[in-house]
Asks: 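Please read through the structure below; I'll follow up with questions.
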Amino acid sequence: MMPDTKAAITARLHAARMQVAPESAQTPILLERPKQAEHGDLSCNIAMQLAKALKANPRQIAEQIVAALQAQTQWADGLISAAEIAGAGFINLRLSIRTKHAVITQVLNAPADWGRGARTQENIQVEYVSANPTGPLHIGHGRGAAYGASLANVLAAAGATVTREFYINDAGRQMDILALSVWLRYLEARGRTVAFPADGYRGAYVRDIAVALNQAHAAQLERDDPRFAAALQAAAQSEQVADDEAVRGDAALDALIALARELLATDWRVVHGFALQAMLADQQDDLAQFGVTYAHWFSEQSLHDSGQVARAVAQLESAGHTYIKDGALWFRSTTFGDEKDRVIRRENGLLTYFASDIAYHLDKFSRGFDRVINVWGADHHGYIARVKGALLACGVDAQRLTVALVQFAALFRGGEKVAMGKRSGEFVTLRDLRREVGDDAARFFYVLRKSDQHLDFDLDLAKSQSNDNPVYYVQYAHARVCSIFVQAKRDAQSLHSTPLSPLEGARELALMQRIGEFPELIQTAARELAPHLIAFYLRELAADFHAFYNAERILVEDAALSEARLALCAATRYTLANGLALLGVSAPERM
RNA sequence: GCGCCCGUAGCUCAGCUGGAUAGAGUACCUGGCUACGAACCAGGGGGUCAGGAGUUCGAAUCUCUUCGGGCGCGCCA
């Protein structure tokens, strides 16, 4: 249903209701599409909503509303062809065929804009993926990338101004661990024997970076120091531990990092920067090939360099929301609904990741966004309260921040769950997945389920039966339409003034109705932050087209009928293409 | 233990601010190409919406509770 059509009908129902029950003006008029086709094109439950307040039989109320509706002067304009009362008191409306045809004309008059909402004043930032630059992106990041990019597209199509951003965690301890790991592999590449720390990054990509580092700097980064071997032994022997013993394992690694920084002096920045740039380039390349792009790549380190982190901490301190305990500086986040207070400056004087995240979010809102959406992995849900608390403490309305949690993607191979761990290097990368199932299939597959639903990614199925992926079903519909126009030697854009009256078959009407739902669907998907609705819609649209295609021949002798059907095909094509574009999936003309 | 998310067909999942007979894909069964692309279509079987209670004209949807699963609960990020 085109939004303006629906709005017009809603207004008429409202007017009719005001005649019957003027005191019920507050009860909203809701129109929905019935599941059963015999229930008409639109259904309204207002009579049942009013039954209790009016102390009357809902069917009687419905009869009065319908009578008032039919008495309206606009009734004669033919927008609605019938109004019936059914069931417990539903008012079922049938649209005139001319109303249904109007949607085709609307699509063909402005194909590129079809589905897009009117521009709103809303300025939204969407931040997604923001993976640590300490390893290649894995399939969990892929889900965040597909979801975030599609969501940003949907929000923009709904009318908002959208800015896409990636936050680079280039300042923390994890990055130091990567730099250390690269340096150790570099030493190995230069023929030294090193005991590798238990918690270092062990992936093969670390060796690749180290080899490149060796080629670029040769012996420049080698160091000799008796303390180094001892520290290395200590870190290597501190086994990977969990929970309460984690701190002890951390200490050995931190000592090793500190020593490496001391020995390398200014060359530490060389190693660190080299590793960072290598990983960043890898991630950027990976995402770009996946069709996931950004307006900004925002560096965490830049917040430290500019003094914003220090200022954010000072702001919290001066507002009286901090205290010192055990030598650390704590933010009293419990005041703002968090379950416990949080450290923002450690006993050793270093600021926590949370401290820079406060500065980052303050920076976001200082840039004038009305709304900020963070796409996070579901394991970060416990982090939301403290960030919102910090915003509140700094006088920012935390309602303007929405965190969209994306559940994990669990990987299955041979019917068994694949263990994933960055440190061990045992994980399937996004790059591997893309190569094996293709970018289109991966993008579509990722958004084919609700974001808060766990995703069981069956690798064998995705690889061996990729032809069964629903993306091909939708793309095939698009290719089929294109093929018709090649056959007809016609241009889809030449049909915008074609008379549509010959279109009256059930399949044709169903397809038109589906096409007409597209604009409202985009609004819903934007409101619910649910790009999966687009994917499901496209499958249904493709199904309606395939059904129509199999039932009716398009290129027939009757020129008027043929032209009208071509116009319907053209509208289908543009809707498919625009929908696929929202998901970052290509719309091939041939397959 | 506390908090968040989830539980719908054999499997993977939809179900919009509560609506009429709970849907799709897949798998299984039966049909359809001398017709614009069969990567398609038409039809069939398959359900205690995890269990229970409540709210109301009406509950898969909202509330409470039990059971089951995932994640989080560090001066890591």
Side-chain angles (χ1 to χ4, degrees), chain A residues 28 30 32-36 38-39 43 45 48-49 51-52 57-58 86-90 92 132 134 169 171-175 177 199 243-244 246-247 250 253-254 300 325-330 339-340 342-354 356-357 377-385 405 407-408 410 448-450 452-456 458 461 465 467-470 472-473 475-477 479-488 520-521 524-525 527-528 530 532-533 535-536 539-540 542-543 545-556 562 565-566 569 590-591:
Chain A
L30 298 176
E32 56 188 15
R33 184 185 176 185
K35 289 174 193 166
Q36 256 67 47
E38 57 266 33
H39 291 149
S43 178
N45 66 356
M48 288 179 286
Q49 298 281 354
K52 193 166 191 177
N57 183 317
F90 291 100
N92 292 336
N132 276 338
T134 52
N169 301 141
R173 179 169 178 271
Q174 297 303 327
M175 193 56 223
I177 296 172
D199 288 327
D243 303 335
D244 47 321
V247 177
D250 285 352
L253 192 59
D254 282 340
E300 178 189 1
K325 190 180 82 178
D326 300 334
L329 180 68
W330 296 70
E339 56 188 29
K340 54 182 289 192
R342 308 291 175 177
V343 170
I344 51 181
R345 189 172 57 229
R346 294 191 263 165
E347 187 180 7
N348 64 8
L350 295 177
L351 293 161
T352 60
Y353 175 81
F354 179 44
S356 42
D357 226 14
D379 55 330
H380 282 65
H381 65 76
Y383 198 76
I384 299 171
L405 294 176
Q407 286 289 344
F408 273 4
L448 200 53
R449 53 218 62 210
K450 226 167 24 177
D452 56 6
Q453 188 73 246
H454 283 93
L455 167 59
D456 287 342
D458 188 329
L461 183 71
Q465 300 184 21
N467 277 0
D468 289 339
N469 195 302
Y472 294 106
Y473 182 78
Q475 290 181 317
Y476 182 59
R480 251 186 168 176
V481 180
C482 294
S483 168
I484 294 165
F485 283 95
V486 171
Q487 182 82 17
E520 192 177 346
L521 178 89
T524 303
R527 188 179 64 244
E528 306 286 328
H532 76 277
L533 294 175
F536 279 91
R539 246 178 19 177
E540 288 171 353
F545 173 73
H546 286 310
F548 158 65
Y549 180 91
N550 276 277
E552 312 284 359
R553 191 169 164 79
I554 290 141
L555 304 176
V556 291
S562 184
R565 284 181 174 164
L566 276 172
C569 286
R590 280 194 305 274
M591 294 174 65

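Since the structure is predicted, the reported quantities are computational estimates derived from the model, not experimental observations. Here is how names work: the chains are called A, B, and so on, in the same order as the sequence lines, proteins then strands, and each is numbered from 1.
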Asks: Just the rounded figure in Å: distance from C1' of B:rG72 to CZ of A:Phe408.
Replies: 10 Å
Asks: Output all residues satisfying side-chain contact (heavy atoms from CB on, under 4.5 Å) with A:Phe408, sequence neighbours left out; order by chain, then residue number.
Replies: A:Asp379
Asks: If I take atom CG from residue A:Leu555 and atom CD1 from residue A:Ile484, how far apart are they, to the nearest 0.5 angstrom?
Replies: 7.0 Å
Asks: Would you tell me if any nitrogen or oxygen in the side chain of A:Arg449 comes within less than 4.0 Å of OP1 or OP2 on B:rC13?
Replies: yes
Asks: Could you tell me how far apart A:Glu552 (CD) and B:rC36 (C1') are, to the nearest whole angstrom?
Replies: 13 Å
Asks: Does the side chain of A:Tyr353 come within less than 4.5 Å of A:Arg173's, by heavy atoms?
Replies: no
Asks: Between OH of A:Tyr476 and CE of A:Met591, what distance do you get to the nearest 0.5 Å?
Replies: 8.5 Å
Asks: Respond yes when some side-chain nitrogen or oxygen of A:Arg342 is under 4.0 Å from OP1 or OP2 of B:rG74, and no when none is.
Replies: no
Asks: Which residues pass the side chain to side chain donor-acceptor pair (under 3.5 Å) test with A:Arg342, not counting sequence neighbours?
Replies: A:Asp338
Asks: Does a nitrogen or oxygen in the side chain of A:Lys35 sit under 4.0 Å from OP1 or OP2 of B:rA20?
Replies: yes
Asks: What is the distance, to the nearest angstrom, from the CZ atom on A:Phe545 to the C1' atom on B:rC40?
Replies: 10 Å
Asks: With a non-hydrogen cut-off below 4.0 angstrom, is A:Ala328 in contact with a base, only sugar-phosphate, or nothing?
Replies: base
Asks: Between the base of B:rA20 and the side chain of A:Ser43, is one N or O donor paired with an acceptor at under 3.5 angstrom?
Replies: yes
Asks: Just how far, in rounded Å, is P of B:rU17 from CG of A:Leu30?
Replies: 11 Å
Asks: Both A:Leu455 and A:Ala543 contact RNA chain B. Which one's nearest nucleotide lies toward the 5' end?
Replies: A:Leu455
Asks: Does A:Ile344 reach a base, just sugar-phosphate, or nothing at all? Heavy atoms under 4.0 Å.
Replies: nothing
Asks: Is there a Watson-Crick or G-U wobble partner for B:rU30 with both distances under 3.5 Å, and if so, which one is it?
Replies: B:rA42
Asks: Who is the Watson-Crick or G-U wobble partner of B:rA22, with both distances under 3.5 Å?
Replies: none
Asks: NA contact type, A:Ala479, heavy-atom cut-off 4.0 Å: base, sugar-phosphate, or nothing?
Replies: base
Asks: Would you kindly give the CD-to-P distance between A:Glu540 and B:rC16, to the nearest whole Å?
Replies: 13 Å
Asks: Looking at A:Asp379 and B:rG72, is any side-chain donor or acceptor paired with a base atom of the opposite kind under 3.5 Å?
Replies: no
Asks: Counting side-chain heavy atoms from CB outward, which of B:rC75, B:rA38, B:rC57 is closest to A:Tyr549?
Replies: B:rA38
Asks: Measuring from the side chain of A:Tyr476 (C-beta onward, heavy atoms only), which nucleotide among B:rC16, B:rC73, B:rC40 has the closest atom?
Replies: B:rC40
Asks: Side-chain N or O of A:Tyr353 versus OP1/OP2 of B:rA77: is the shortest distance under 4.0 Å?
Replies: no
Asks: Within the structure shown, what part of the strands sits under 4.0 Å from A:Asn92 by heavy-atom distance: base, sugar-phosphate, or nothing?
Replies: base
Asks: Answer with base, sugar-phosphate or nothing: what part of the nucleic acid does A:Asp357 contact at a heavy-atom distance below 4.0 Å?
Replies: nothing
Asks: Nearest whole Å is fine: how far is B:rG37 P from A:Gln475 CD?
Replies: 18 Å
Asks: Give A:Ala551 one of three labels, base, sugar-phosphate or nothing, depending on what nucleic acid heavy atoms sit under 4.0 Å from its own.
Replies: nothing
Asks: Reckon A:Arg590 touches a base, only the sugar-phosphate, or nothing at all at heavy-atom distances under 4.0 Å?
Replies: base
Asks: Taking the minimum atom-to-atom distance to the side chain of A:His532, which one of B:rC57, B:rA77, B:rA14 wins?
Replies: B:rA14
Asks: Reckon A:Tyr383 touches a base, only the sugar-phosphate, or nothing at all at heavy-atom distances under 4.0 Å?
Replies: base
Asks: At under 4.0 Å between heavy atoms, how does the protein contact nucleotides 1-6 of chain B? Give one character per nucleotide, 5' to 3', with B, S or -.
Replies: --BBSS
Asks: Using modelled atom types and a 3.5 Å cut-off, is there a donor and acceptor pairing between side-chain atoms of A:Ser483 and backbone atoms of A:Ala479?
Replies: no
Asks: About how many Å separate CZ of A:Arg345 and CG of A:Leu329, when rounded to the nearest 0.5 Å?
Replies: 4.5 Å
Asks: In Å and rounded to the nearest 0.5 Å, what is the NZ to NE2 distance from A:Lys450 to A:His532?
Replies: 6.5 Å
Asks: Roughly, in whole Å, what's the span from CZ in A:Arg539 to C1' in B:rA14?
Replies: 8 Å
Asks: How far does CZ of A:Phe90 sit from NE2 of A:His39, to the nearest 0.5 angstrom?
Replies: 8.0 Å
Asks: What residues, two or more places apart in sequence or in another chain, satisfy side-chain contact (heavy atoms from CB on, under 4.5 Å) together with A:Glu32?
Replies: none
Asks: Can you tell me if the side-chain N/O atoms of A:Tyr473 get under 4.0 Å from OP1 or OP2 in B:rA38?
Replies: no
Asks: Restricting to side chain to side chain donor-acceptor pair (under 3.5 Å), what partner residues turn up for A:Arg449, sequence neighbours left out?
Replies: none
Asks: What string of B, S and - do you get for nucleotides 30-35 of chain B, 5' to 3', when a contact is any protein heavy atom under 4.0 Å?
Replies: --B--S
Asks: Contact class for A:His380 (heavy atom, under 4.0 Å): base, sugar-phosphate, or nothing?
Replies: base
Asks: Heavy atoms under 4.0 Å, any strand shown: does A:Glu528 hit a base, just sugar-phosphate, or nothing?
Replies: sugar-phosphate
Asks: Would A:Phe536 pass as stacked on B:rA14, i.e. its ring centre under 5.5 Å from the base's six-membered ring centre and planes under 30° apart?
Replies: no
Asks: Students often mix this up, so state it plainly: with edges at 30° and 60°, are the rings of A:His380 and A:Tyr383 parallel, tilted or perpendicular?
Replies: perpendicular
